[in-house]
Every structure is written in structure tokens, then in C-alpha cells.
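Everything below concerns the one structure shown next.
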Amino acid sequence: MQGQIKFGLFQKSCVETNSPSTGPKDLSNRPVITCAKMAVLSVALLAGPVHAGQKSLASGKAAYDAVPAPAGDGSIPEYRIGPADALDITVFQESDISVKGAPVDASGDISMPLIGRVHAAGLTTVQFADVVAQKLGERYYVNPQVTVSIASSVTQRITVQGQVTEPGIYPMRGMTTLLDAIALAKGETENGALRRVAVVRMQNGKRFGAIFDLNRIRHGDDPDPQLIPRDVVIVGHSTSKQLWHDLLRAAPLLNIFTRY
């Protein structure tokens, strides 16, 4: 006798080999195991590799050329000022021209008393302090002592998207790696495609990215790539994982299926 089982997006027939050909239905002998096996097979056939439009991104060794691992000495790249940052600029013993929280405009400039607009974007705080001191020394002061610090930063952040517990924008504090970024987002979800985690980066006006295998990184087989401000981490969705988890959750329901 033919029975039928429906689950999610697929529908399969189950042959009831252990049911008698005649007589009343015996629900205790219905082929639960046979149907379950066919359901698992259907999941395996439907689930394919997860690409998510990432074919153009570098992977393997080329991925580390695009997004390198930290240097052996553990050094942290110097932060460079960007648009929308806010700076504290202090001129020693000159409180009248010192400024707090001075904003960097969209063109990368900042306005200061006496010297007007000064370009700051792309410079480190030490480099920008030297520029300010030079401009003040040209006309107004003898050997001015200038210090610059970051009051707040918009560019000193990374974005974590996709299959993570808490997607969002997170501030960078010191050196941050790919595993650090996943931890900031409270880890991946059960349906995360961990073998294809993308890091997208913007440098010199160009956007590029790379694909990393998070499982290999966690096992120590691959190095943990270092992130820089404004990187975007994307954990893809695994259709096969989702179907498998859906099947496991629905497995108890297989016991209530009857022939029709």
C-alpha cells in the first residue's frame, strides 16, 4: 500500500513494506523509519553548495594576499584620521587656540583658530600635529608644542553582517582579527556557512574582498586574518544546514503521519 509524507518544501512517497496487504490499518506498524530515511535523502539532494554571489572574491592563499594575517611582531597599524572623526588639538600653554572635539568634515579638513582649514584625513595624529605646529610656527608662534588625539571615531569601526547572533557596527579597540569580529557579534548562528566567510575591504577608493574558512582558522590550520577600520564581515547562510535543522525539529512529527 502506498503512503505519503510531506515536509517543508518537498514531498516523497513511502512504500509500506511492513504493512499487510489486506485488513484494517495497524498504526503501530506504519513505516516511520522508511519515511524518515527518504526525508533525509531529499534534504541531501536539495541542499547544494552555498555560493551567495561570492565567486569574484579571492579564496585560499589569494585571500591572505588581499586580507593578510597579523604581522609576526603583533604590531598594530597606526590609525589614520578620516572624515566625521572628532579631534582634540592641544597647543601647550595656549588654551585660546586649543580645541576639543573638532570635527573633520566630508572633505577631510578641520578648521582651527588663526590658521583656518587644515587637511587631516589620511594622516596619523602625530603627522597632523606636526602639520598644525608647522602652520602655527610660520606666522604666530616660536616652536609651538602640539598634541592631537582622537575624541571620537566613525571610521575606527567594523561591520559584521549575515548569520551572526547580533549583526551590527562595532568599535575597534586595538588589533582585531576575523575571530574577534565574530566574537563581538556573539558568534555565528546554527545556519552560518562557516567555510565561506567574506571580508570586504575598501582601500584607495577600490573595493575588494576575500573568502575564509572559519573552521580551519579555529582549528589552527589557517592564520586568523587581521581586520582594519571599515572592514565588513559577512557570514553567509547555509541552506543545507537550515534544511537539516528543520528536519531534526520536525522528526517527532513523523510519528503522527498516516496514510491517505
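Because only heavy atoms are used, hydrogens play no part in the values below, and waters and symmetry mates are left out as well, while side chains stay in. From a predicted model like this one, the values you see are computed outputs, not experimental measurements.
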So do V233 and Q161 actually touch side chain to side chain, heavy atoms under 4.5 Å?
no
Ignoring hydrogens, what is the shortest heavy-atom contact between A151 and G101? Give both atom names and the distance.
CB-CA, 4.3 Å
Might you point out which heavy atoms bring A121 and P83 nearest each other, and give the distance in Å?
CB-CD, 4.3 Å
Can you tell if the side chain of T176 reaches within under 4.5 Å of the side chain of I158, non-hydrogen atoms only?
yes
Check the pair L123 / V131 against side-chain contact (heavy atoms from CB on, under 4.5 Å), numbers first and verdict last.
CA-CA 10 Å; L123 302 178; V131 171; 4.2 Å; yes
Taking the side chain as C-beta and beyond, is there a heavy-atom pair between V99 and T90 under 4.5 Å?
no
Side-chain heavy atoms of L214 within contact of I182, under 4.5 Å:
yes
For A133 against P144, the heavy-atom pair lying closest together:
O-CG, 3.4 Å
Out of curiosity, K135 NZ to I115 CD1, how far, rounded to the nearest 0.5 Å?
7.0 Å
Indicate the atoms forming the closest heavy-atom contact of M112 with V132, along with that distance.
SD-CG1, 3.8 Å
Calculate, to the nearest 0.5 Å, the distance between atoms CZ and CD1 belonging to R196 and I234 respectively.
12.0 Å
Joint hydrophobic cluster, L179 plus F212, side-chain heavy atoms closer than 4.5 Å:
yes
Does M175 reach the side chain of Q226, with side-chain heavy atoms less than 4.5 Å apart?
yes
Taking only Lys NZ, Arg NE, NH1 and NH2, and the carboxylate oxygens of Asp or Glu, determine whether R117 and D105 approach each other closer than 4.0 Å.
yes
Should Y140 and I89 be regarded as members of a common hydrophobic cluster, given that ILVMFWY residues are connected when their side-chain heavy atoms come within less than 4.5 Å of each other, either directly or indirectly?
yes
Please confirm whether the backbone N or O of L178 pairs with a side-chain atom of D224, one donor and one acceptor, at under 3.5 Å?
yes
Minimal heavy-atom distance between S153 and I150, with the atoms involved, is CB-CG2, 4.0 Å
Please check if the side chain of R157 supplies one atom and the backbone of P171 the other of a donor-acceptor pair under 3.5 Å.
no
CG of L87 to CD1 of I110, rounded to nearest 0.5 Å, is 4.0 Å
Heavy-atom side-chain contact between V104 and D109 under 4.5 Å
no
Nearest 0.5 Å please: distance from the CD1 atom of I81 over to the NE2 atom of H119.
9.5 Å
Do T177 and I217 have side chains that get closer than 4.5 Å, going by heavy atoms?
no
Assess whether atom CZ of F92 is packed by more than 12 heavy atoms of other residues, nucleotides or ligands within 6.0 Å.
no
Strictly distance-based, threshold 3.5 Å: is any side-chain N or O of D222 a donor or acceptor partner for the main-chain N or O of R216?
no
CD (Q93) and CD (Q145) are apart, to the nearest 0.5 Å, by 10.0 Å
How about L136 and I97: do any of their side-chain heavy atoms sit closer than 4.5 Å?
yes
Working to the nearest 0.5 Å, report the span between OG1 of T165 and CD of E190.
10.0 Å
Before you tell me yes or no, could you show the steps for V160 and L184 under side-chain contact (heavy atoms from CB on, under 4.5 Å), namely the whole-Å CA-CA distance, both residues' side-chain angles and the distance that decides it to 0.1 Å?
CA-CA 9 Å; V160 186; L184 287 172; 5.6 Å; no
Under 3.5 Å, is there a donor-acceptor pair between the side chain of D130 and the main chain of Q127?
no
Between E188 and Q163, is the side-chain contact (heavy atoms from CB on, under 4.5 Å) condition met? List the steps.
CA-CA 6 Å; E188 69 278 0; Q163 293 297 308; 5.7 Å; no
In one Ile/Leu/Val/Met/Phe/Trp/Tyr side-chain cluster, 4.5 Å: L114, F128
yes
Okay, side chain of T125, backbone of S149: is any donor-acceptor separation there less than 3.5 Å?
no
What closest approach, in Å, do R201 and D231 show between heavy atoms, and which atom pair accounts for it?
NH2-OD2, 2.6 Å
